[in-house]
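Single-structure report; data block below.
A note on names: the letters A, B, ... follow the listed sequences, proteins ahead of strands, and every chain is numbered from 1. Basis for what follows: all heavy atoms, side chains included, without hydrogens, waters or symmetry-related copies.
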2 protein chains.
Amino acid sequence: MRIGDLAKATGVDIETIRYYEKAGLLPEPGREANGYRTYRQEHLERLAFIRHCRALDMPLESIRRLLDFVAHPEAECGDINRLIDAQLARVQARLNSLRALESQLVALRAQCGENHSAQECGILHELVAAAHGEACACHSTD
Amino acid sequence: MRIGDLAKATGVDIETIRYYEKAGLLPEPGREANGYRTYRQEHLERLAFIRHCRALDMPLESIRRLLDFVAHPEAECGDINRLIDAQLARVQARLNSLRALESQLVALRAQCGENHSAQECGILHELVAAAHGEACACHSTD
DNA sequence: CTTGACCCCGGAGCGGCTCCAGGGTTTCCA
DNA sequence: TGGAAACCCTGGAGCCGCTCCGGGGTCAAG
Ligand SMILES: [Zn+2]
Ligand SMILES: [Zn+2]
Ligand SMILES: [Zn+2]
Ligand SMILES: [Zn+2]
């Protein structure tokens, strides 16, 4: 399998595959006489694993550590839990802030109905007022 | 007001303030004889405006355009609406994917209860299985 | 013999900061 | 008066996870 085949099989961009190799996530592939990379089934599985973890938004460093566990199956799995927990915590924190953000944006959007000049625009007014600190907790000074 | 005072007053890092200046978001401050930047009330307000928009997760480019409206209050406000709408759409898209992500992570986390070796760990098993494509839509090949 | 598809490499660019080295200035206290 | 601490300056590199670029080599079909 050449890199283009692997890319097609997994839906991962060629450049990204090379990047994962440089980053030490994907083991070095074999080389044809002309220098082209050649991959085997294990590379495909490894790459799918990486993409699955990336789809869970894990940083590459976490994936690296998970791959260590795959390579050393006798190790205790406590760190795996902690890793997932940390990831979940990140996601939930981001969810919370995005939810707050969404309602702020919805409220903001409601300030402008019809087309008019910027100086009469409720959105701009609200943004300026909030920046002055009136009823604005989001960019707190603490 | 020197840069440190502005930083303290707004809770924004000094380096970030200088970065905003370089990025053309904050107007060039005055300078003391020794080259130190000096800021006035308008800078403080401007910076607060920027931070408020950043708290709404707007990209700097959008903020630049909002600032253009502040500077040209006679312009039509239609673009302001579109800007907020686009931002809201981004946030909602991210919310949706994060919600899916959260439930996946929760399900994943449930696969491991007690401490054991990595090869028996349900989390690792699930990750590997999902990477193989069994019941996994997240890293689709299309 | 050329066209096009594929592959190689090293390096730059993205956003939004953050940090660093290497310097100058000011302020405070002994 | 001296010296340390706290502040300020600049330009440039580093972070993440790619993505794109230039400049080249390789190989099969028409
Ligand atoms: Zn997947
Ligand atoms: Zn309006
Ligand atoms: Zn705010
Ligand atoms: Zn386990």
Side-chain angles (χ1 to χ4, degrees), chain A residues 1-26 28-39 43 46-47 49-67 83 86-87 90-91 94 97 101 138-139, chain B residues 1-26 28-39 43 46-47 49-67 83 86-87 90-91 94 97 101 138-139:
Chain A
M1 216 180 352
R2 310 230 270 221
I3 198 169
D5 304 321
L6 181 60
K8 224 162 280 170
T10 56
V12 179
D13 193 287
I14 289 182
E15 309 262 22
T16 306
I17 295 175
R18 286 199 280 249
Y19 172 76
Y20 287 158
E21 179 184 334
K22 241 188 285 180
L25 285 168
L26 214 46
E28 295 210 354
R31 295 283 180 157
E32 293 176 21
N34 55 18
Y36 289 11
R37 289 170 177 81
T38 48
Y39 296 93
H43 292 102
R46 181 91 164 229
L47 182 53
F49 181 90
I50 295 170
R51 290 309 276 189
H52 184 71
C53 293
R54 285 294 300 135
L56 294 174
D57 219 14
M58 289 187 204
L60 297 190
E61 175 55 31
S62 300
I63 302 176
R64 236 186 302 267
R65 291 205 271 139
L66 282 180
L67 287 169
L83 216 143
Q87 176 62 14
R90 268 197 300 276
V91 167
R94 189 84 185 113
S97 80
L101 229 155
C138 68
H139 64 284
Chain B
M1 218 182 348
R2 309 232 268 224
I3 199 170
D5 304 322
L6 181 59
K8 224 162 282 170
T10 57
V12 179
D13 193 287
I14 289 182
E15 310 261 22
T16 305
I17 296 175
R18 286 198 282 247
Y19 172 76
Y20 287 157
E21 180 184 335
K22 242 188 283 181
L25 286 168
L26 215 46
E28 296 210 353
R31 296 279 180 159
E32 293 177 19
N34 54 20
Y36 289 11
R37 290 169 175 81
T38 48
Y39 297 93
H43 291 102
R46 182 91 163 231
L47 183 52
F49 181 90
I50 295 169
R51 289 309 277 189
H52 184 71
C53 294
R54 286 293 300 135
L56 295 173
D57 219 15
M58 289 187 204
L60 297 190
E61 175 55 31
S62 300
I63 302 176
R64 237 185 301 266
R65 291 205 272 139
L66 283 180
L67 287 170
L83 218 143
Q87 176 65 14
R90 268 197 300 276
V91 167
R94 189 84 184 114
S97 78
L101 229 156
C138 69
H139 64 284

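Distance A:Tyr19 OH to D:dC16 C1': 6 Å, rounded to the nearest Å. The distance from atom NZ of B:Lys22 to atom C1' of D:dG11 is 7 Å, rounded to the nearest whole Å. B:Ile17 has its CD1 atom 14 Å from the P atom of D:dC7, to the nearest Å. Rounded to whole Å, the distance from CD on B:Glu61 to P on C:dC17 is 14 Å. Atom CD1 of A:Ile14 and atom P of C:dC8 are 8 Å apart (whole Å). Rounding to whole angstrom units, CG of residue B:Asp13 and P of D:dC8 are separated by 12 Å. If you measure from atom CD of A:Glu21 to atom P of D:dC18, you get 15 Å, rounded to the nearest angstrom.
A 6.0 Å sphere centred on CD of A:Glu61 holds more than 12 heavy atoms belonging to other residues, nucleotides or ligands.
Shown here for B:Thr10 and B:Leu6, the closest heavy-atom pair between the two residues is OG1-O, 2.8 Å. Residue B:Leu67 comes nearest to B:Leu25 through the heavy atom pair CD1-O, 3.7 Å, listed as atom of the first residue, atom of the second, then distance. What you find for B:Ser62 and B:Leu83 is that their closest heavy atoms are CB-CD2, 3.4 Å.
Contact check, A:Arg31 against C:dC9: a side-chain N or O comes under 4.0 Å of OP1 or OP2. Using a 4.0 Å cut-off, no side-chain N or O of B:Arg64 falls inside it from OP1 or OP2 of C:dG15. Phosphate proximity of C:dG16 to B:Thr16: absent, as no side-chain N or O sits under 4.0 Å from OP1 or OP2.
With DNA chain C read from its 5' end, the first of the two nearest nucleotides for B:Arg18 and B:Met58 is the one closest to B:Met58. Between B:Glu15 and B:Arg2, the residue anchored nearer the 5' end of DNA chain D, judged by the nucleotide with its closest heavy atom, is B:Arg2.
Picking from C:dG16, C:dT26, D:dG25 the nucleotide with the shortest atom distance to the side chain of A:Tyr36 gives D:dG25. Of the candidate nucleotides D:dG17, C:dT26, D:dC9, C:dT26 has the atom nearest to the side chain of B:Asn34. Candidate nucleotides C:dC9, D:dC7, D:dT10 were compared by shortest atom distance to the side chain of A:Arg37, and C:dC9 ranks first. Among the nucleotides C:dC17, C:dC7, D:dC18, the one closest to any side-chain atom of A:Ile3 is C:dC7.
Between the side chains of A:Arg51 and A:Tyr20, at least one donor-acceptor pair of N or O atoms lies under 3.5 Å.
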